[in-house]
Amino acid sequence: MGKGKDKNLGSPKRSVDSPKSPKMRGSDSSPSFKREQLLRTEPFPPISVTPYPLSTSTEMAMAMSSEAQALQDRVKVLSDLVRELQKARDENVSHMNTMNSFSDKIISEEKLTIQNRGKLKVMYEKAVGDAEKEVGLMKKALHTVYQIRSIRHDLRIQAKNSGNKETIRRGALMKMLLNCAQTLPLWIGNSMEKPPPLCGAIPPEQNYVAKVNDMVACLVRGSEGEDNWILAEVVSYNTSTNKYEVDDIDEEQKERHTLSRRRVYPLPLMRANPEVNPEALYPKGSIVMALYPQTTCFYKAVINRLPTLATEEYEVLFEDPSYADGYSPPLMVAQRYVIQIKEVSKKK
């Protein structure tokens with residue numbers, strides 16, 4: 001099965017209906033109305049700012065660092081933004097209900113007067129403005145999340161560079177990797193703006209070089225001569241030799257490797273929203289490399305089901321000869337850990 005694989009892992013099933021947009025069609029002389037309500041069936045979920053587990057050395061660095069206060073300030077800003085966003089959404093629900101009730105009345109009367117048409121237009125314009133306000137608050141909140149992630153990362157690197165050796169237990173490491181995937185920035189572009197490279201399934205630019213401390217997928221040679229795709233962290237990049245130095249993310253297998261660019265593939269830097277940018281997702285049936293759950297290794301897999309919401313994961317089938325049909329049961333893998341299939345020659 002390979003390093004750390006457990007074929008008994010299950011795959012949670014999810015089914016969430018997508019929100020629908022209101023629509024109006026008709027004319028003064030021959031009204032024909034059809035409208036679908038925009039329903040907010042659930043309140044905006046509370047956001048808990050719980051960073052990935054830290055070692056004692058990192059916690060000590062935070063206690064002694066002035067950046068700890070900056071981190072707390074950013075968390076407070078994020079908390080205030082989330083409350084403001086929730087308040088705006090609650091207020092917008094009232095307006096949406098009023099607009100839908102007015103639209104229902106027009107439909108039941110089967111008559112759209114010029115006066116009602118104008119009133120309905122004003123309502124829709126306000127709804128658009130409300131939505132734009134929500135998007136603006138979301139972007140501010142996301143920007144704050146990026147700042148928090150950056151500060152947390154800098155603190156961890158400070159502790160690492162100060163000579164304190166981080167030892168993250170296996171369970172804590174898995175939790176950290178899950179947290180990194182769940183809090184990966186979500187791409188929110190303007191109307192008609194295409195997702196950038198390394199958003200979801202969008203590949204990196206041809207000459208892209210992963211930054212120091214970025215997590216990447218690397219093809220490394222094992223002690224018995226076998227090649228494995230592992231999750232690693234970039235230590236440095238030599239522009240003269242075009243080679244990376246990377247550290248295995250797995251504390252139990254802590255090794256440093258020097259690898260050519262063709263043996264290193266960057267992970268997505270942003271999640272794609274399936275409802276807005278489905279083109280930035282791998283199509284069903286695509287052959288990919290995916291991180292096997294509860295391990296730090298990538299294996300060849302087939303996309304079985306796409307996420308339908310930004311918070312959902314891919315459902316994949318891993319190639320596995322131990323099963324009769326050659327594939328594992330369906331397993332869930334986050335966008336962060338699904339990359340293009342990359343064939344590399346045996347020569348290192």
Side-chain angles (χ1 to χ4, degrees), residues 4-6 9-14 16 45 47-54 78 141-142 144-153 156 168-188 195-204 210-211 213-218 229-234 246-251 265-275 277 280-282 286 288-299 301 303-318 330-340:
K5 260 172 138 179
D6 182 358
L9 288 170
S11 63
K13 301 292 182 182
R14 305 179 184 181
V16 182
I47 297 178
S48 175
V49 185
T50 304
Y52 55 78
L54 299 171
L78 178 61
L142 283 171
T144 306
V145 170
Y146 307 156
Q147 292 177 323
I148 291 173
R149 287 168 60 95
S150 178
I151 295 172
R152 295 287 305 186
H153 184 74
R156 187 172 70 86
I168 303 177
R169 294 187 298 274
R170 186 79 180 179
L173 175 62
M174 293 301 109
K175 188 174 181 180
M176 182 193 79
L177 296 180
L178 176 62
N179 182 271
C180 286
Q182 292 175 337
T183 60
L184 188 68
L186 178 68
W187 162 250
I188 299 179
L198 290 177
C199 171
I202 307 298
K211 297 178 177 60
N213 301 322
D214 277 359
M215 283 199 290
V216 292
C218 301
W229 281 98
I230 67 167
L231 184 62
E233 189 174 56
V234 175
V246 301
D247 280 344
D248 191 330
I249 202 73
D250 190 339
E251 293 290 336
Y265 195 87
L267 301 188
L269 299 178
M270 288 174 284
R271 284 177 294 138
N273 189 339
E275 298 176 281
N277 300 113
L281 296 173
Y282 293 103
S286 297
V288 296
M289 296 291 292
L291 193 72
Y292 201 95
Q294 299 301 309
T295 78
T296 58
C297 283
F298 291 82
Y299 297 94
I303 299 295
N304 191 51
R305 185 172 65 82
L306 279 65
T308 57
L309 298 174
T311 53
E312 288 189 332
E313 302 173 334
Y314 285 102
E315 183 182 87
V316 305
L317 307 175
F318 285 94
L331 295 171
M332 309 304 293
V333 182
Q335 288 190 42
R336 170 76 161 168
Y337 304 123
V338 178
I339 60 175
Q340 286 189 356

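The residues of the chain are indexed from 1 along the displayed sequence. The structure displayed is predicted, hence computed values, not measured ones.
In this structure Thr144 satisfies the side chain to side chain contact (heavy atoms under 4.5 Å, CB included) test together with Arg74, Val77, Leu78, Leu81, Gln147, Ile148, sequence neighbours excluded. Partners of Leu281 by side chain to side chain contact (heavy atoms under 4.5 Å, CB included), not counting sequence neighbours, listed by chain and number: Ala272, Pro274, Leu306, Pro307, Tyr314, Gln335. The side chain to side chain contact (heavy atoms under 4.5 Å, CB included) check on Leu317 picks up Asn304, Tyr327, Pro330, with sequence neighbours excluded. Residues that satisfy the side chain to side chain contact (heavy atoms under 4.5 Å, CB included) test with Gln340, not counting sequence neighbours, are Pro203, Tyr265, Tyr282. Asn273 pairs by the side chain to side chain donor-acceptor pair (under 3.5 Å) definition with nothing, not counting sequence neighbours. Applying the side chain to side chain donor-acceptor pair (under 3.5 Å) test to Ser286 and every residue at least two apart in sequence or in another chain returns nothing.
Rounding to the nearest 0.5 angstrom, the gap separating the CG atom in Leu269 from the NZ atom in Lys211 is 7.0 Å. Expressed to the nearest 0.5 Å, how far CG of Asp247 lies from CD of Glu233 amounts to 7.0 Å. Expressed to the nearest 0.5 Å, how far CD of Gln294 lies from CG of Leu331 amounts to 10.5 Å. Annotation: the span from Cys199 atom SG to Leu184 atom CG amounts to 9.0 Å, rounded to 0.5 Å.
Using bins of under 30°, 30° to 60° and over 60° for the plane-to-plane angle, the ring pair Tyr292/Phe318 lands in the tilted bin.
Met332 is listed as a side-chain neighbour of Arg305, based on a closest heavy-atom distance under 4.5 Å. The shortest distance between side-chain heavy atoms of Ile202 and Pro268 does not fall below 4.5 Å. Between Asp250 and Ile230, every side-chain heavy-atom pair lies at or beyond the 4.5 Å cut-off. Residues Leu186 and Arg271 have side chains in contact (heavy-atom distance under 4.5 Å, counting atoms from C-beta outward). Between Leu231 and Leu267 the shortest side-chain heavy-atom distance falls below 4.5 Å. Looking only at side-chain heavy atoms (C-beta outward), Glu275 and Leu309 come within less than 4.5 Å of each other.
The minimum heavy-atom distance linking Phe298 with Leu291 is given by the pair CD2-N, 3.6 Å.
Judged by distance alone, the side chain of Tyr337 and the main-chain N or O of Leu177 form a donor-acceptor pair under 3.5 Å. The closest donor-acceptor contact from the side chain of Arg336 to the backbone of Gln182 lies at 3.5 Å or more, if one exists at all.
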| request: Go through Ile303 and Val338 one step at a time and tell me if the side chain to side chain contact (heavy atoms under 4.5 Å, CB included) criterion holds. | output: CA-CA 10 Å; Ile303 299 295; Val338 178; 4.3 Å; yes
